[in-house]
Amino acid sequence: MPQTILTLPTRGQGLYEFTDQAEAFVSASGREEGLLTIFVRHTSCSLLIQENADPDVRTDLLAFFHRLVPPTSDPEMGWIVHRAEGPDDMPAHIKAALTQVSIGIPVARGRLMLGTWQGLYLFEHRDRPHRREIVLHFST
Amino acid sequence: MPQTILTLPTRGQGLYEFTDQAEAFVSASGREEGLLTIFVRHTSCSLLIQENADPDVRTDLLAFFHRLVPPTSDPEMGWIVHRAEGPDDMPAHIKAALTQVSIGIPVARGRLMLGTWQGLYLFEHRDRPHRREIVLHFST
Amino acid sequence: MPQTILTLPTRGQGLYEFTDQAEAFVSASGREEGLLTIFVRHTSCSLLIQENADPDVRTDLLAFFHRLVPPTSDPEMGWIVHRAEGPDDMPAHIKAALTQVSIGIPVARGRLMLGTWQGLYLFEHRDRPHRREIVLHFST
């Protein structure tokens, strides 16, 4: 049951792809079939499988979440209580709650069974640089 | 470790139930206990476990997502960049990001451990007909 | 493959932590490595991994979901059809659809691989008291 922690540096809000690292981890295990679980160890970033073709899709996704949950410096967010860690912090927790902390991906013939256009992304919701930990767990 | 791809034809936005097909797959495996992972291989539809009793619940769910993420032909969505694939395309990616691409369901005594009112649905976010692939993966 | 059903009593909308019960279940299994899947058997409550430090984060999360999906007694929700089970019922289904029904958490050295600030919560969306069932499933 191979398991590792992947550390991804982030530089502000955005989608950071790690499909290749996940494929390499599965490949290195030498096993052909199983289930890869990806799990992010934070509450202000999250995981997303999304289109890896047109980058405009990622731009629009970020814009949607920014409009749905603006920074707490926006007057519309005057009701927010948790403000000690900056205007991007509580929105980060909310965006993480609206997306996923854990995703299971079946593996066959040594490959993730992703669709043609699917990529794995870390969805960073904080402005400042962070080092984010993702657990990769391959069960058979 | 049985694994299969279930293909579901869709005819426009809506919730398409596949609980019976998932139960049949688990049953055919001959194993009594384990974990069924369902994974959808697309970025413009998603998965949902929801009430399978009153169909009004599904009507209201669809209406909520339509109001939260209107078609890009709606003036409110003027900020959307990715428009090449039609007014339902970028909203489909956003709705998929807000729901789930993968769900794990424990199995006991050869049955999915669903609650009384829970059904498994493919949540189609596109208007035109599609053939959607869902991986069913039963690990023990 | 240990498996159990955890029953949590709830007393209205809120986040109910069960990290300790999940840790105890993993610990009692005597196994050091694997994958814990948590699965909630209802469609009007859900699961959330969120910050277990400042309680204001939970307050703000509840407030956000209340603002995004108000009770159906709110004039803004006049379009809702499913009203037979009270003003908190259809919003509960919608909030459940926006969060998670199932989460997989890797286990190493007999412990859940949660980050420092992560706690496991049942997210209750109904007003009246309920007894909620969560399946804990530990696969190796």
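Computed from a prediction, not measured in an experiment: that's the story for all the values here. All values below were derived from every heavy atom in this structure, side-chain atoms included, with hydrogens, water molecules and symmetry-related copies excluded. All chains are named by letter (A, B, ...) in the order of the sequence lines, taking the proteins before the strands, and each is independently numbered beginning at 1.
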Item to check | Heavy atoms from other residues, nucleotides or ligands near CZ of B:Arg111 exceed 12 (cutoff 6.0 Å) | outcome: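 Atom CZ in B:Arg111 is not crowded, with 12 or fewer foreign heavy atoms closer than 6.0 Å.
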Minimal non-hydrogen separation, [X] against [Y], with atom names:
{"X": "B:Thr43", "Y": "A:Gln118", "value": "CG2-CG, 3.6 Å"}
{"X": "B:Gln3", "Y": "A:Ala108", "value": "OE1-CB, 3.2 Å"}
{"X": "A:Gln100", "Y": "B:Ser102", "value": "OE1-O, 4.1 Å"}

Next on the checklist: Would you compute the distance between atom OG1 of B:Thr37 and atom CG of A:Leu35 and round it to the nearest 0.5 angstrom?
Outcome noted: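 Reported value, rounded in 0.5 Å steps: 4.5 Å.
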Checklist entry - What distance do A:Ile103 atom CD1 and B:Phe39 atom CZ have between them, rounded to the nearest 0.5 Å? => result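 The distance works out to 7.5 Å.
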Checklist entry - If contact means a heavy atom pair closer than 4.5 Å, which residues of residues 85-96 of chain B contact chain A? => result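 The list, in residue order, reads B:Met90, B:His93, B:Ile94, B:Ala96.
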Next on the checklist: Applying a heavy-atom distance below 4.5 Å, give me the residues of residues 11-24 of chain B that approach chain A, sorted by number.
Outcome noted: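 Near chain A, by residue number: none.
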Checklist entry - Quick one: what part of B:Thr99 sits under 4.5 Å from any heavy atom of chain A, side chain, backbone, both or neither? => result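 When you check distances to chain A, only backbone atoms of B:Thr99 fall under 4.5 Å.
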Item to check | Contact listing (chain B partner; residues 120-134 of chain A; heavy atom under 4.5 Å) | outcome: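 Result: none.
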Item to check | Contact residues of residues 49-70 of chain A (partner chain B; heavy-atom separation under 4.5 angstrom) | outcome: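 The stretch touches chain B at A:Ile49, A:Gln50, A:Glu51, A:Asp54, A:Asp56, A:Val57, A:Asp60, A:Leu61, A:Ala63, A:Phe64, A:Phe65, A:Arg67, A:Leu68.
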Next on the checklist: Under a 3.5 Å distance rule, please check whether B:Arg41 uses its side chain to pair with a backbone N or O of A:Thr116 as donor and acceptor.
Outcome noted: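 The answer is no, because no donor-acceptor pair under 3.5 Å joins these two groups.
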Item to check | Most contacts with chain A, counted as non-hydrogen pairs under 4.5 angstrom, among B:Ser44, B:Ala97, B:Ala84 | outcome: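 Highest number of heavy-atom pairs under 4.5 Å: B:Ala97.
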